[in-house]
There are 2 protein chains.
Amino acid sequence: MTVMTTDLIMHGSAGTRVAAELRDAILAGTYPPGTRIRQEDVAGRHGASRVPAREALRLLESEGLVKVVANTGAWVTSLNLAECEEIYQIRERLEPLLLRLNVPLLTPEQIDGLDALAHEMERSDDVETFLRLDREFHLSCYTEAATTMLHDTVLRLWNRTQPYRRAYTTVFRSAGDRSAHHEHHLIVSALRRGDADEAERVLASHIRRTRLELARHPEIFDAPAPQPTRADAR
Amino acid sequence: MTVMTTDLIMHGSAGTRVAAELRDAILAGTYPPGTRIRQEDVAGRHGASRVPAREALRLLESEGLVKVVANTGAWVTSLNLAECEEIYQIRERLEPLLLRLNVPLLTPEQIDGLDALAHEMERSDDVETFLRLDREFHLSCYTEAATTMLHDTVLRLWNRTQPYRRAYTTVFRSAGDRSAHHEHHLIVSALRRGDADEAERVLASHIRRTRLELARHPEIFDAPAPQPTRADAR
DNA sequence: TGACGCTCGATTGGATCCATTGTGCGCCAT
DNA sequence: ATGGCGCACAATGGATCCAATCGAGCGTCA
């Protein structure tokens, strides 16, 4: 089946494309943590052979989204509470730095956009919308500085915790939300004033507070899928 | 040529093994930044076909050690001064955290080992020995805490700057060395007292000082290899 | 009846072959 | 002589085929 749909200019190998699509699917929640991923499925679903499929799995493994066991198979990575807290600790150190580097570069228009996102987030009651807006709010703060590696690192951290952010947001509603919304506005305010120190402080405690709240809900990490052995992945 | 030397128990796919060997070669300076890496060479040199070779290149790309251009080839990543400074800024935030997490877990014996390393480093006058000891000193501080992701992230950052640490150490001798040695002993001292705050502070300024010194030697980053196009890599 | 071992099936890993693409050299025209 | 065009070669990307390996289920024996 050598289809090779030329509906779009190929810019990068198929493995990269498959990895991107699979990444999106994992982040969207299509494959929850613990799900088995077979190479042939991936290949078939994305119109490629098993070679780029395997390449994609290896790439996602190096991003931490997938765990590949030799001669056995690939599974969507699960995190336990400790690992998730570790990620939040890393974010607590890195994102304030990234934000600081962006403070002098953000335009008033961009800050208005952030403000709008913060308000839209307050009005949203749908979980998926909230997740999307929250992610967009934070990552939009980081777009201006030419810090490729820092940006990529932070993005990977966000991606790894995505399923648990979803679970957390679903289970635990509206109690800490007010604090989060308040902090978002404090960040916008600090950005407006160009106060990098304050922006750093607020963002650090924002992330820290979320980590502490996560720690109070360990049930989120109780293995949802019974870590299937081999014959499954529907 | 299906050799498949069974001289060692295969624990993980060949792609992973090839990646590890190639990584070591790059870190050892065998392939300086800008060097073209052909899949067939890698395959031949490591007793595998081009499939695992390509897999290895993709893995190293995701670690930032190699840049793969679609349909064109792979090159060892070069850094400019700004990118190198970015890495040091990230390290300045992450390594103090990692050190802090290890402070309560390091045994007196391990700290003695660190002290020995620091002294050995002072006596060494060979560049390669210094590089090895310095790397070992710092990374040995991080072995106890069960923080996989943080540890991996830091390791990747060290790897990416390795060629430039080498160049820096070669070009710029013994002026900042005294400060570095002093700081190493201050770290050991803080570890002995279990003073996490002080250890963090010293390590942060240690990394920061190195970054500032790097910035005073931009000539290190003047493209050494003339970024060869396609036919080379000997 | 339960535990151990063996065989078979399903799935991954790797090698080879073919398609695709980018580069460089040479030729032709100005 | 020089600049632009085109063809040929070399290296990458992908598909298919074969080998290797793990797991599950069955059968046997204690």
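Computed from a predicted structure; not experimentally measured. Just so it is clear: chains get the letters A, B, ... in the order the sequence lines come, proteins before strands, and each one is counted from 1.
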Could you work out which one of [options] sits closest to the side chain of [X]?
{"X": "A/Arg58", "options": "C/dT12, C/dG22, C/dG13", "value": "C/dG13"}
{"X": "B/Glu55", "options": "D/dA11, C/dG14, D/dG13", "value": "C/dG14"}
{"X": "B/Arg50", "options": "C/dG13, D/dA15, D/dT12", "value": "D/dT12"}
{"X": "A/Ala48", "options": "C/dT12, D/dA15, C/dA15", "value": "D/dA15"}
{"X": "B/Asn71", "options": "C/dG22, D/dA15, C/dA15", "value": "C/dG22"}
{"X": "B/Val68", "options": "C/dG14, D/dG13, D/dT12", "value": "D/dG13"}
{"X": "B/Ser49", "options": "D/dA15, D/dC17, C/dT16", "value": "C/dT16"}

Original post:
Once the angle between the rings of A/His138 and A/His206 is folded into 0 to 90°, is it parallel (under 30°), tilted (30 to 60°) or perpendicular (over 60°)?
Top reply: parallel
Rounding to an integer number of Å, can you tell me how far [X] [atom1] sits from [N] [atom2]?
{"X": "B/Gln39", "N": "C/dT20", "atom1": "CD", "atom2": "C1'", "result": "13 Å"}
{"X": "A/Trp75", "N": "D/dC22", "atom1": "CH2", "atom2": "P", "result": "12 Å"}
{"X": "A/Leu57", "N": "C/dG14", "atom1": "CG", "atom2": "P", "result": "14 Å"}
{"X": "A/Ile37", "N": "C/dT11", "atom1": "CD1", "atom2": "C1'", "result": "15 Å"}
{"X": "B/Arg54", "N": "C/dT16", "atom1": "CZ", "atom2": "C1'", "result": "15 Å"}
{"X": "B/Arg36", "N": "C/dG22", "atom1": "CZ", "atom2": "P", "result": "13 Å"}
{"X": "A/Glu40", "N": "D/dC17", "atom1": "CD", "atom2": "C1'", "result": "13 Å"}
{"X": "A/Lys67", "N": "C/dT12", "atom1": "NZ", "atom2": "C1'", "result": "16 Å"}

Original post:
Checking A/Arg165 against A/Tyr168: charged group under 6.0 Å from the ring centre and within 45 degrees of the axis?
Top reply: no
**OP:** Nearest-nucleotide wise, let me know which of B/Val51 and B/Ala74 is further upstream toward the 5' end of DNA chain D.
**Re:**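 On the 5' side of the pair lies B/Ala74.
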**OP:** Go through B/Trp75 and B/Val69 one step at a time and tell me if the side chain to side chain contact (heavy atoms under 4.5 Å, CB included) criterion holds.
**Re:** CA-CA 8 Å; B/Trp75 284 264; B/Val69 181; 4.0 Å; yes
**OP:** State which residue, out of A/Leu131, A/Val127, A/Ile220, fulfils the side-chain contact (heavy atoms from CB on, under 4.5 Å) condition with A/Thr170.
**Re:** A/Val127
Subject >> Sole candidate of B/Leu59, B/Leu65, B/Val42, B/Val66 that passes side-chain contact (heavy atoms from CB on, under 4.5 Å) when paired with B/Leu22 >> reply: B/Val42
